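Shown next, in structure tokens, is the structure this report addresses.
This structure is a prediction, so every number in the text was calculated from the model and none was measured.
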Amino acid sequence: MNQQISASFKKEKLAFFRTKRLLMLILIVVGWGILGPVLLRGLGVMIDSLTPVYDDLGMDVSGMTQILATYVSTGVASSISDITSVGLIAFLLMINSFAGGEQKKRSIMIPRTSGLRSTGYLLPKYIIYPLTALILAIVAAFASWGASVLVFEINDVAVGGVLSAGLIAGVCLMFYICIHLTLGTATGRAGMSSVLVIIVSLLVPGLFSVLGSDYIYNPFLMGTMAVSAISGDGILMVMNSEIVMTLLIALVLMVIFYFLALFAQNAKKIDNSGNEIKL
């Protein structure tokens with residue numbers, strides 16, 4: 001690793017840590033992983049307490065209350081779904097400043113005339129933020145499992161299932177974060193990029209589901225795959241050839257996104273003369 005890239009890694013890490021964005025993401029992603037099952041169990045208790053009211057209305061809610069009180073998989077699956085939705089939105093918004101948002105500030109504009117190359121600018125972003133998302137997703141999955149074991153009656157989730165779900169959810173986050181980094185750094189409009197990626201993450205999976213598309217080999221449906229992995233019977237879940245292939249496709253696309261961003265940066269012509277910066 002040359003000196004320039006090493007300095008760029010240090011700059012990204014310090015910016016991520018000192019702005020407290022990493023701490024906020026830990027609180028949101030991992031905290032929600034713990035809080036989600038507790039809230040779900042609380043909902044079951046509340047519905048159970050209102051059983052007489054539902055009986056007067058001719059509604060039988062015993063089946064629902066049993067589901068919300070019995071199985072650990074219910075709590076973990078709910079948290080995994082939240083990690084790939086609420087957690088993703090939080091992550092995209094938190095890294096806006098690093099996904100091209102800094103290009104609007106003259107003091108930290110890419111100073112090509114001073115020798116900073118596009119690789120030094122981009123590579124740390126495509127390593128630090130996606131890997132952070134992967135780690136947080138796995139930690140949140142295990143935190144959710146621990147909380148669910150405490151509040152639900154039957155632990156029907158194996159360690160391998162939790163690891164599989166966390167890993168797939170993490171790769172799902174990485175995939176969308178890389179799209180955000182590519183669009184944001186290529187256009188210099190991080191806000192627009194985050195909005196577009198959020199819309200894609202919400203609408204595209206639903207569209208594939210309506211069309212009856214299988215989530216195998218489809219990176220846009222890794223959120224659904226992660227939830228399904230909860231019912232896996234062990235670590236072999238992530239060794240399933242179709243699931244491994246889906247994750248590999250997502251990783252290959254992330255590499256392609258990086259090179260697209262690199263191409264866009266190299267294609268830019270920067271003129272630092274005068275009072276305004278023109279791209």
Which heavy atom of [X] sits nearest a heavy atom of [Y], and at what distance?
X: Ala133; Y: Ile177; value: CB-CD1, 3.5 Å
X: Ser73; Y: Ile230; value: CB-CG2, 3.9 Å
X: Pro219; Y: Thr246; value: N-CG2, 4.4 Å
X: Ile34; Y: Ala143; value: CG1-CB, 3.6 Å
X: Pro130; Y: Met174; value: O-CG, 3.1 Å
X: Leu25; Y: Leu136; value: CB-CD1, 4.1 Å

Gap between atom [atom2] of [Y] and atom [atom1] of [X] - 0.5 Å precision:
X: Ile95; Y: Ile128; atom1: CD1; atom2: CD1; value: 11.0 Å
X: Phe17; Y: Leu22; atom1: CZ; atom2: CG; value: 5.5 Å
X: Leu88; Y: Cys172; atom1: CG; atom2: SG; value: 6.5 Å
X: Ile83; Y: Ile28; atom1: CD1; atom2: CD1; value: 12.5 Å
X: Leu123; Y: Tyr258; atom1: CG; atom2: OH; value: 4.5 Å
X: Lys13; Y: Thr132; atom1: NZ; atom2: OG1; value: 10.5 Å

Passes side chain to side chain contact (heavy atoms under 4.5 Å, CB included), Phe220 versus Val200? Steps please.
CA-CA 9 Å; Phe220 288 99; Val200 168; 3.9 Å; yes
Connected via hydrophobic side-chain network under 4.5 Å: [X] and [Y]:
X: Leu27; Y: Phe91; answer: no
X: Leu253; Y: Leu122; answer: yes
X: Val30; Y: Leu23; answer: no
X: Val204; Y: Phe175; answer: yes
X: Leu196; Y: Leu173; answer: no

Other residues, nucleotides, ligands: >12 heavy atoms within 6.0 Å of Met245 CE:
no
Does the [X] side chain pair with the main chain of [Y], one donor and one acceptor, at a distance under 3.5 Å?
X: Ser194; Y: Gly191; value: yes
X: Tyr126; Y: Val255; value: no
X: Ser148; Y: Pro37; value: no
X: Ser144; Y: Ala140; value: no

Residues two or more places apart in sequence or in another chain: which of them pass side-chain hydrogen bond (donor to acceptor under 3.5 Å, both in side chains) with Ser193?
His180
Might you work through the side chain to side chain contact (heavy atoms under 4.5 Å, CB included) test for Leu163 and Ile138, ending with a clear yes or no?
CA-CA 7 Å; Leu163 179 59; Ile138 295 174; 4.3 Å; yes
Hey, what else clusters with Val86 if you join Ile, Leu, Val, Met, Phe, Trp, Tyr whenever side-chain heavy atoms sit under 4.5 Å?
none
Indicate yes or no: at least one non-hydrogen side-chain atom of [X] is less than 4.5 angstrom from one of [Y].
X: Trp145; Y: Val159; answer: yes
X: Phe208; Y: Thr224; answer: no
X: Val195; Y: Ile198; answer: no
X: Asn218; Y: Met225; answer: no

For Val171 and Met254, run side chain to side chain contact (heavy atoms under 4.5 Å, CB included): C-alpha distance rounded to whole Å, both residues' side-chain angles, the deciding distance at 0.1 Å, then the answer.
CA-CA 10 Å; Val171 176; Met254 292 178 216; 3.8 Å; yes
What residue among Ile249, Ile243, Leu248 forms side-chain contact (heavy atoms from CB on, under 4.5 Å) with Tyr217?
Ile249
If the plane angle is over 60° it's perpendicular, under 30° parallel, otherwise tilted; pick one for Tyr129 and Phe98.
parallel
Tell me, with the steps shown, if Ile256 and Phe259 meet side chain to side chain contact (heavy atoms under 4.5 Å, CB included).
CA-CA 5 Å; Ile256 293 174; Phe259 282 107; 5.9 Å; no
